[in-house]
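Every heavy atom of this structure was used, including side-chain atoms; hydrogens, water molecules and symmetry mates were not. This one's a predicted model, so the numbers in the text were calculated from it and none came from an experiment.
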Amino acid sequence: MLPYEACNLGSINLAQMIAQDNRVDYAKLGKITRLAVHFLDNVIDVSKYPLDKITETVRSNRKIGLGIMGWADMLVQMGIPYSSEEAITLAGDIMKFIHAEAQEASLELAKKRGTFPNYKGSIYEKDGKKLRNATLTTIAPTGTLSMIASCSSGVEPLFAVAYTKTVMDNTRLPEVNRYFLETARKRGFYTDALIMKIGETGNVSHEEAVPEEVKKVFVTSHDIDPVWHIKMQAAFQKYTDNAVSKTVNFRNDAVKDDVRKVYMLAYELGCKGVTIYRDGSRNEQVLTVSTGDNKKAVAVSVEAQQDIEPRKRPDVTTGKTIKMKTGCGNLYVTINEDESGLCEVFTAMGKSGGCAAAQSEAISRLVSTALRAGVKPFSIIKHLRGTRCPAPAWQDGGIVLSCPDAIGIAMEKYLHDQGGPEEKFVFRHQPEQKMFGETCPECGATLEHEGGCNVCHVCGYSKCL
């Protein structure tokens with residue numbers, strides 16, 4: 001995008017472009033495409049922009065970005081697996097059709113309203129195409145849009161077949177993909193227990209009650225090999241003027257070579273950009289311990305964690321006490337270290353006793369145990385920061401969200417002041433980083449990373465990264 005441009009985006013819900021015989025209704029898709037181009041062109045004229053330069057640039061190029069959503073829903077209705085050559089071919093056919101129809105609509109508009117002002121000298125003048133709009137198609141993230149339309153996001157696979165929403169007094173309500181629900185009932189393998197079980201993991205890959213052919217169709221983002229993510233993106237990119245928003249989901253055990261393979265394939269297939277997300281890379285961290293003299297970090301299995309014992313506390317430690325302001329009063333955080341690094345955290349509330357003091361003491365005990373068990377301080381800070389309570393406080397121009405957040409800030413400050421080997425892991429004082437973690441800031445549910453955004457499928461919150 002050039003300087004002073006403005007986004008003018010729209011998305012066609014492909015889930016609604018299926019005929020009764022479960023084939024693509026190209027007549028309806030063509031009609032909707034032409035109508036969408038006309039609509040987006042009108043948006044340029046009725047919109048008011050904050051700067052005259054933006055108004056001038058936007059109306060000189062008249063770029064629009066017509067895209068799609070509901071792609072995964074279309075595939076499941078047609079019984080086509082996302083990770084298949086049939087799906088890749090269909091993706092190219094549909095986007096080629098949409099682009100051709102959009103171009104015809106723009107040509108018709110140009111006959112009535114004229115070409116875009118910067119048409120002279122453009123690539124379209126050289127080709128003899130008198131278009132109303134400099135660009136026509138873009139596949140943008142549709143996190144909130146797709147939730148409003150109750151369809152899958154952009155060209156992403158299903159985020160989950162079913163998941164559980166917790167409301168009011170911890171009442172658990174299953175949210176199920178409507179097409180899976182229809183299939184399960186139609187084929188006779190539906191049970192309430194099955195749906196609740198699927199809601200725990202989000203996918204059906206390991207459910208014996210679900211037929212194999214159904215499993216192949218209702219795949220989720222983490223079920224799909226990263227290579228298929230890139231192939232799908234490239235199929236749409238071939239017939240898209242601007243870029244395609246797409247997230248390649250990696251499992252937690254992905255290595256550097258897996259990432260390299262995806263980036264190289266994206267380059268070879270002509271993708272304009274690529275976004276990857278390795279599961280767990282911004283949420284819970286695998287517990288690590290040091291082995292031998294080389295201090296090599298190794299992953300610890302769940303079974304092995306029960307054998308980990310924290311090192312003994314030495315008789316003498318050194319450290320400092322940091323005063324933190326919280327909504328519950330002043331919190332005094334004492335941080336000590338031994339020859340191996342940080343080893344303990346003590347807290348004391350300015351007001352003696354009370355629930356807040358008890359909670360802070362419990363947190364400090366757990367932090368001390370984790371430190372002496374070999375957990376890296378930056379990992380503990382990461383999980384403490386951003387925890388919120390109803391009574392935040394302000395200190396040194398920054399917000400302290402809660403007592404746990406105060407402990408995290410104090411640890412961060414201590415490590416920063418020490419300037420030791422942990423300094424590179426310390427989170428700087430940036431409110432925008434601590435306000436948004438891997439949990440939804442609105443309802444506390446887990447955020448999903450898709451289409452270049454963090455999306456909450458419980459309350460609808462989304463934030464583009």
- request: Check the pair Val400, Lys325 against side chain to side chain contact (heavy atoms under 4.5 Å, CB included), reporting the backbone distance first and the verdict last.
  value: CA-CA 7 Å; Val400 180; Lys325 293 181 181 178; 5.6 Å; no
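- At a threshold of 4.5 Å between non-hydrogen side-chain atoms, the residues Phe159 and Ser153 do not count as touching.
- Although no hydrogens or angles enter the test, the distance criterion places no donor-acceptor pair under 3.5 Å between the side chain of Arg34 and the main chain of Glu101.
- A distance of 7.0 Å separates CD1 of Ile88 from NZ of Lys231, quoted to the nearest 0.5 Å.
- Between the side chain of Asn133 and the main chain of Arg62, a donor-acceptor pair closer than 3.5 Å is present.
- Interatomic distance, Thr220 OG1 to Ile198 CD1, rounded to the nearest 0.5 Å: 11.0 Å.
- A salt bridge is absent between Glu108 and Arg132: the closest approach of a Lys/Arg side-chain nitrogen to an acidic carboxylate oxygen does not fall below 4.0 angstrom.
- If you take CD1 on Ile68 and CD1 on Ile32, they are separated by 14.5 Å, rounding to the nearest 0.5 Å.
- Without hydrogens or angle criteria, Gln103 side chain to His99 main chain gives no donor-acceptor distance under 3.5 Å.
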- request: Go through Thr55 and Asp52 one step at a time and tell me if the side chain to side chain donor-acceptor pair (under 3.5 Å) criterion holds.
  value: CA-CA 5 Å; Thr55 303; Asp52 292 339; 5.1 Å; no
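- Contact detail for Ala406 and Leu331: the closest heavy-atom pair is CB-CD2, 4.0 Å.
- No more than 12 heavy atoms of other residues, nucleotides or ligands lie within 6.0 Å of CZ in Arg23, so this atom counts as exposed by the packing criterion.
- Around NZ of Lys53, the count of heavy atoms belonging to other residues, nucleotides or ligands within 6.0 Å does not exceed 12.
- Side-chain contact between Val24 and Asp93: absent, with no pair of heavy atoms (C-beta onward) separated by less than 4.5 Å.
- Taking the side chain as every heavy atom from C-beta outward, Ile195 and Phe180 approach each other to under 4.5 Å.
- Side chains of Tyr4 and Val58 form no contact here, defined as non-hydrogen atoms less than 4.5 Å apart.
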- request: Start with the C-alpha gap between Arg187 and Glu213, add the side-chain angles, then the distance that decides, and say whether side chain to side chain contact (heavy atoms under 4.5 Å, CB included) holds.
  value: CA-CA 12 Å; Arg187 300 193 56 165; Glu213 59 271 22; 2.5 Å; yes
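- A donor-acceptor contact shorter than 3.5 Å is absent between the side chain of Thr138 and the backbone of Ala140.
- The closest donor-acceptor contact from the side chain of Arg59 to the backbone of Asp45 lies under 3.5 Å.
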field: Chi angles and distances behind the side chain to side chain contact (heavy atoms under 4.5 Å, CB included) call for Thr275, Val248
entry: CA-CA 6 Å; Thr275 300; Val248 181; over 6 Å; no
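- In this structure the side chain of Leu269 never reaches within 4.5 angstrom of the side chain of Gln237, judged on heavy atoms.
- Residues Asp41 and Arg113 share a closest heavy-atom pair of OD2-NH1, 2.8 Å.
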- request: Start with the C-alpha gap between Lys63 and Asp241, add the side-chain angles, then the distance that decides, and say whether salt bridge (Lys or Arg N to Asp or Glu O under 4.0 Å) holds.
  value: CA-CA 10 Å; Lys63 292 182 179 180; Asp241 292 333; over 6 Å; no
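- Of the options Val204, Asn203, Val161, Thr183, a side chain to side chain contact (heavy atoms under 4.5 Å, CB included) to Val210 is made by Val204 and by none of the others.
- Under a cut-off of 6.0 angstrom, the local environment of CD in Glu86 is sparse, with at most 12 non-hydrogen atoms contributed by other residues, nucleotides or ligands.
- Between His383 and Ser379, the closest heavy-atom pair is CD2-O, 3.0 Å.
- Judged by the 6.0 Å distance and 45° axis criteria, Arg185 is positioned over the aromatic ring of Tyr190.
- Checking side-chain atoms of Gln233 against main-chain N and O of His229 turns up no donor-acceptor pair under 3.5 Å.
- Atom CZ of residue Arg178 and atom SG of residue Cys151 lie 8.0 Å apart, to the nearest 0.5 angstrom.
- With sequence neighbours left out, Ser47 forms a side chain to side chain contact (heavy atoms under 4.5 Å, CB included) with Val43, Tyr49.
- Smallest separation of non-hydrogen atoms from Pro404 and Leu384: O-CB, 3.5 Å.
- Minimum heavy-atom separation, Ser106 to Val37: N-CG1, 4.2 Å.
- Lys28 places a side-chain N or O within 3.5 Å of a backbone atom of Gln16 that can act as its donor or acceptor partner.
- Under 4.0 Å is where a charged nitrogen must lie from a carboxylate oxygen, and between Asp405 and Arg388 no such pair does.
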message: Between Lys215 and Glu207, is the salt bridge (Lys or Arg N to Asp or Glu O under 4.0 Å) condition met? List the steps.
response: CA-CA 9 Å; Lys215 291 180 182 179; Glu207 299 300 331; over 6 Å; no
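- Ser152 and Trp71 get closest at one heavy-atom pair: OG-N, 3.5 Å.
- How far CG of Leu9 is from OG1 of Thr142: 10.5 Å, rounded to the nearest 0.5 Å.
- Separating the CG atom in Asn8 from the CD1 atom in Ile44 is a distance of 5.0 Å, to the nearest 0.5 Å.
- Side-chain contact between Asp73 and Tyr179 is present, with at least one heavy-atom pair separated by less than 4.5 Å.
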- request: Show your reasoning for whether side chain to side chain contact (heavy atoms under 4.5 Å, CB included) applies to Cys403 and Ile363.
  value: CA-CA 9 Å; Cys403 292; Ile363 292 170; 5.6 Å; no
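- Between Leu14 and Leu29 the shortest side-chain heavy-atom distance falls below 4.5 Å.
- The closest side-chain heavy-atom distance from His206 to Thr201 is not below 4.5 Å.
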Report all side-chain donor-acceptor pairs from residues 253-260 shorter than 3.5 Å, counting only partners two or more places apart or in another chain.
residue : atom : partner : partner atom : Å
Asp257  : OD1  : Arg260  : NE           : 2.9
Asp257  : OD1  : Arg260  : NH2          : 3.0
Asp258  : OD2  : Val255  : N            : 2.9

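- Between the side chain of Ser146 and the backbone N or O of Gly143 there is at least one donor-acceptor pair closer than 3.5 Å.
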